[in-house]
Protein chains: 2
Amino acid sequence: MSPELTRFKSVMRQNNCFITKQRLALFKYLQASPAISINALINDLPNQDQATVYRNIKLFERIGIISRLQLGWNSKLELSNTFHDHHHHMSCVKCGKVVAWEEDPTIELRIQTVALKLGFIPQDHQLEIRGLCQSCQK
Amino acid sequence: MSPELTRFKSVMRQNNCFITKQRLALFKYLQASPAISINALINDLPNQDQATVYRNIKLFERIGIISRLQLGWNSKLELSNTFHDHHHHMSCVKCGKVVAWEEDPTIELRIQTVALKLGFIPQDHQLEIRGLCQSCQK
DNA sequence: ATACAAATTGCGAAAAATTTGCAATTTGTA
DNA sequence: TACAAATTGCAAATTTTTCGCAATTTGTAT
């Protein structure tokens with residue numbers, strides 16, 4: 001069992017949530033790519049009703065398993081699994097491609113400092129960069 | 001005329017967009033707070049049809065005047081005026097309060113570096129921190 | 001000023017996205 | 001294995017967003 005799966009089950013148990021096959025399939029699907037739209041989820045998990053998908057997305061958000069991203073100016077809402085090492089996203093304004101990147105210690109540290117200065121206890125953060133990807137620069 | 005308003009008009013002209021009173025009202029409203037939901041906009045701009053509000057939000061996003069934020073796990077989509085000095089947001093996971101903060105040179109520089117390393121030409125970015133605000137810590 | 005072409009608006013209706021109630025099924029626990 | 005509680009699927013309701021089109025408004029060139 002992958003460490004992400006172990007962690008997933010542990011978080012679910014901590015929150016008194018049943019581990020159903022629908023939830024497992026959703027979690028695994030979310031692990032496969034850095035960002036995915038709700039529509040893609042509903043289409044690619046055809047054995048689940050859309051109501052179930054929506055309910056479980058909301059649950060996963062509430063207990064911190066996924067978070068919502070707003071990538072481009074015209075893009076749909078997307079979801080990303082927070083159990084990835086990469087929390088941050090860079091998206092191309094032209095072709096829409098999304099690349100995830102690893103935490104950057106300098107940025108993480110700065111975020112801590114800024115949050116504390118404003119009186120917040122930081123819990124989570126999200127950084128999205130928009131720009132032109134290599135192939136769209138040509 | 002405020003410098004923001006001047007810049008707004010200039011960006012609008014560059015994009016061959018008419019400066020209508022609906023768009024001016026929308027822009028001014030977006031300037032008043034760090035983040036605002038679409039519903040609040042529609043309710044607070046009662047002299048505009050909701051179709052107009054939606055169309056102009058889309059326009060403003062496309063030409064870079066506003067950007068979308070996804071603040072809390074349960075929060076609605078919000079919009080923020082990019083002409084503010086503060087681009088970044090910190091939101092309280094408990095009470096939903098949103099605080100904007102100024103650019104941080106260390107973070108900005110790091111973002112440039114990371115983007116270039118991944119082959120992107122960065123155009124815009126967005127950083128959102130979630131945590132517990134001072135009053136909700138008690 | 002005035003007139004004109006093109007862009008924008010308001011309206012109503014359509015389409016898309018999300019949520020809800022409830023009976024049937026599934027889950028974890030004892 | 002049996003039970004209580006949680007979850008699912010389904011259909012319908014609700015909410016959010018988009019669209020077509022006639023009427024109005026805007027910027028520009030007289």
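Not measured: the values here are computed from a predicted model. Every chain is numbered from 1 and lettered A, B, ... according to where its sequence line falls, protein lines coming before strand lines.
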Less than 4.0 angstrom between a side-chain N/O of [X] and OP1 or OP2 of [N], yes or no?
X	N	result
K58(A)	dT19(C)	yes
N56(B)	dT9(C)	yes
T52(A)	dT7(D)	no
T20(A)	dT8(D)	yes

Protein-nucleotide distance ([X], atom [atom1]; [N], atom [atom2]), rounded to Å:
X	N	atom1	atom2	result
D49(A)	dA17(C)	CG	C1'	14 Å
R23(B)	dT9(C)	CZ	C1'	10 Å
N16(A)	dA4(D)	CG	C1'	15 Å
Y54(A)	dT14(D)	OH	P	18 Å
Q22(B)	dT24(D)	CD	P	14 Å
I57(B)	dT17(D)	CD1	C1'	10 Å
L26(B)	dG10(C)	CG	P	12 Å
N15(A)	dG28(C)	CG	C1'	16 Å

Quick one: which of [options] gets closest to the side chain of [X]?
X	options	value
I38(A)	dT27(C), dT20(C), dT18(C)	dT18(C)
A51(B)	dC11(C), dT19(C), dG28(C)	dC11(C)
Q50(A)	dT8(C), dT18(C), dG28(C)	dT18(C)
I19(A)	dG27(D), dT18(C), dG28(C)	dG28(C)

Closer to the 5' end of DNA chain D via nearest nucleotide, is it N47(A) or K21(B)?
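The residue whose closest nucleotide sits nearer the 5' end is N47(A).
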
Might you work through the side-chain contact (heavy atoms from CB on, under 4.5 Å) test for L59(A) and C17(A), ending with a clear yes or no?
CA-CA 9 Å; L59(A) 168 68; C17(A) 295; 3.6 Å; yes

Less than 4.5 Å apart, any side-chain heavy atom of [X] and any of [Y]?
X	Y	answer
E61(A)	I57(A)	yes
C133(A)	I121(B)	no
H89(A)	I129(A)	no

Can you tell me the base-pairing partner of [N]? Count Watson-Crick or G-U wobble geometry only, both distances below 3.5 Å, and say none if there is no partner.
N	value
dA29(D)	dT2(C)
dG10(C)	dC21(D)
dG28(C)	dC3(D)

Are the aromatic rings of H125(B) and H88(B) close, with centres under 6.0 Å apart?
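Ring-ring flag for H125(B)/H88(B): true, centres closer than 6.0 Å.
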
Please work out which of the three classes, parallel, tilted or perpendicular, describes the rings of F60(B) and F8(B), given edges at 30° and 60°.
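Perpendicular: the ring planes of F8(B) and F60(B) meet at over 60°.
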
Can you find a donor-acceptor pair, distance only, under 3.5 Å between R55(B) side chain and dG10(C) base?
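Counting by modelled atom types and ignoring angles, a donor-acceptor contact under 3.5 Å is found here.
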
